[in-house]
Number of protein chains: 2
Amino acid sequence: MAKAVQLGRSLKALRAANGWSLAEVSRRTSISISTLSKVENGLLSLTYDKLIGLSEGLDVDVSVFFNKAGINPDPTPLGRRSLDDIGGGEIIDTPNYQYRYLHTDLSNKQLIPVIVEHTTRTIEDFGPLVKHTGEEFVHVLSGRIEVHTELYAPKILGPGESVYIDSNMGHAYLCVSEEPAQTLSVCVSDPTQSADDHPN
Amino acid sequence: MAKAVQLGRSLKALRAANGWSLAEVSRRTSISISTLSKVENGLLSLTYDKLIGLSEGLDVDVSVFFNKAGINPDPTPLGRRSLDDIGGGEIIDTPNYQYRYLHTDLSNKQLIPVIVEHTTRTIEDFGPLVKHTGEEFVHVLSGRIEVHTELYAPKILGPGESVYIDSNMGHAYLCVSEEPAQTLSVCVSDPTQSADDHPN
DNA sequence: AAATTATGTTTACTATACGAAACTTTTGTG
DNA sequence: CACAAAAGTTTCGTATAGTAAACATAATTT
């Protein structure tokens with residue numbers, strides 16, 4: 001006897017949420033109505049290829065069907081809060097930047113917020129462009145920075161301005177103001193990536 | 001003929017990366033060696049329950065087996081960049097906040113950066129606490145805000161200070177300075193959630 | 001209410017997933 | 001090379017996934 005109660009629940013919930021009939025789902029996914037009916041009633045499981053068919057036809061991530069609850073896809077603990085004041089955070093020095101990682105008391109964060117002091121002033125001193133997984137948002141707090149990327153011409157940003165880039169594109173930030181430039185940057189820690197070089 | 005080439009590749013790669021034999025994988029997952037062999041050679045697909053077995057036994061997310069390449073889990077396009085200057089962004093007015101969404105020219109971002117003007121001054125005016133999926137980081141740019149959450153005592157933050165919370169905990173930000181308070185906030189848009197109320 | 005239509009379930013059959021054991025290939029070890 | 005041990009593949013029988021078509025039931029129309 002096949003058991004796939006989760007799967008059935010997920011599908012039923014998804015179908016109800018969108019007001020689809022079995023026929024409609026069948027049309028979208030090319031899976032027969034009878035099969036869908038049995039799946040929802042826990043009489044049948046599904047094979048890999050059918051799961052992909054479901055996912056693509058209904059335009060949802062396959063993970064939807066693998067959630068324990070079938071309704072709450074967020075496994076992160078509830079109700080955490082962390083405060084950081086002006087001087088707070090964990091300071092890390094690197095050749096090109098001085099980082100002040102914020103909210104390091106929370107682990108397994110999805111966002112990595114960090115205050116960055118930009119010191120390097122020429123692309124030669126900087127060395128090769130940096131690339132890593134994920135995406136990042138950089139907002140200038142003070143001073144002026146020059147944003148270098150692999151695919152675009154360099155661009156200078158002042159206080160209040162910001163840039164958003166795919167981090168897998170090579171990038172570098174230089175300081176081009178008299179005083180040192182300071183930015184507030186936020187990265188995403190890719191949850192599908194096991195290793196992470198940030199102290200989150 | 002069952003087709004599950006992706007699955008076979010993913011499993012083979014995962015197994016090679018960990019130096020496991022088929023017997024070892026079989027032991028961990030309670031799936032027979034013969035089945036595993038056939039899967040790797042694309043002769044067999046797998047059912048829902050077996051996929052869960054694989055995922056749990058090898059301690060990886062099921063999504064690993066649904067990646068197109070079987071090696072690169074990041075489906076986002078490469079090399080995007082977006083700039084926003086001081087006045088830029090898409091302004092949205094709500095009763096409690098005025099939002100200026102940044103980098104709206106990029107869709108399917110993982111991060112949602114937004115400049116928020118805080119206008120509401122009392123928790124009564126604010127109404128019920130807000131909750132939604134994901135996490136958020138709020139950095140005060142100017143003025144002072146009072147952070148209300150479901151599980152903690154209210155806390156006042158000034159310029160340069162910040163807070164990080166799980167957004168599924170009820171929360172509200174009030175303005176407590178003479179002048180209107182301004183913050184830079186970043187949310188994550190949960191990729192497992194299909195609908196999204198942000199203009200990303 | 002009878003006829004019609006839309007939706008979900010059951011039946012009966014075919015295709016395929018799955019495991020046990022036989023077989024083949026590779027990798028040592030004397 | 002012989003032999004053994006380990007790793008992987010193939011065979012074959014059984015269980016289950018999958019479909020089409022018949023059936024049942026609810027919702028609309030005439």
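Per chain, numbering begins at 1; letters A, B, ... match sequence-line order.
In this structure, the separation between CG on B:Asn96 and CZ on B:Arg121 is 13.0 Å, given to the nearest 0.5 Å.
A ring-centre distance under 6.0 Å is found for B:Tyr48 and A:Phe66. Residues A:Tyr173 and A:Phe126 place their aromatic rings such that the two centres sit no closer than 6.0 Å.
Distances from the side chain of A:Leu46 to the nucleotides C:dC18, D:dA7, D:dG18 place D:dG18 closest. Checking D:dA7, C:dT9, C:dA17 against the side-chain heavy atoms of B:Ser21 singles out D:dA7 as nearest.
Not one side-chain nitrogen or oxygen of B:Arg15 sits closer than 4.0 Å to the OP1 or OP2 atom of D:dA7. Between D:dT9 and B:Ser37, a contact under 4.0 Å exists linking OP1 or OP2 to a side-chain N or O.
Taking a 6.0 Å sphere around CG of A:Asp93, one finds it holds more than 12 heavy atoms contributed by other residues, nucleotides or ligands. Other residues, nucleotides and ligands contribute over 12 non-hydrogen atoms within 6.0 Å of the CD atom of A:Glu179.
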> Passes side-chain hydrogen bond (donor to acceptor under 3.5 Å, both in side chains), B:Tyr164 versus B:Glu135? Steps please.
Replying inline: CA-CA 8 Å; B:Tyr164 193 113; B:Glu135 303 174 11; 2.7 Å; yes
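Distance B:Leu11 CG to D:dG8 C1': 13 Å, rounded to the nearest Å. What separates CD of A:Glu40 from P of C:dT9 is a distance of 7 Å, to the nearest Å. Rounded to whole Å, atom C1' of C:dT25 lies 13 Å from atom CG of B:Leu22. For the pair B:Leu43 CG and C:dG19 P, the interatomic distance rounds to 15 Å; values are reported in whole Å. Here the P atom of nucleotide C:dC18 and the OH atom of A:Tyr48 are 13 Å apart, to the nearest Å. Between the CG atom of A:Asn41 and the C1' atom of C:dT10 there is a distance of 11 Å, rounded to whole Å.
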With the criterion being N/O to N/O and under 3.5 Å, what pairs connect the protein with nucleotides 19-24 of chain D, and how long is each?
{"from": "D:dT19", "atom 1": "OP1", "to": "A:Lys50", "atom 2": "NZ", "distance (Å)": "3.1"}
{"from": "D:dT19", "atom 1": "OP2", "to": "A:Ser32", "atom 2": "N", "distance (Å)": "3.2"}
{"from": "D:dT19", "atom 1": "OP2", "to": "A:Ser32", "atom 2": "OG", "distance (Å)": "3.1"}
{"from": "D:dT19", "atom 1": "OP2", "to": "A:Thr35", "atom 2": "OG1", "distance (Å)": "2.8"}
{"from": "D:dT19", "atom 1": "O4", "to": "A:Lys38", "atom 2": "NZ", "distance (Å)": "2.6"}
{"from": "D:dA20", "atom 1": "N6", "to": "A:Ser34", "atom 2": "OG", "distance (Å)": "3.3"}

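The pair A:Glu24-A:Arg15 does not meet the salt-bridge criterion, since no charged nitrogen lies less than 4.0 angstrom from a carboxylate oxygen.
If you find the closest nucleotide of DNA chain D to B:Thr47 and to B:Lys12, the one lying nearer the 5' end belongs to B:Lys12.
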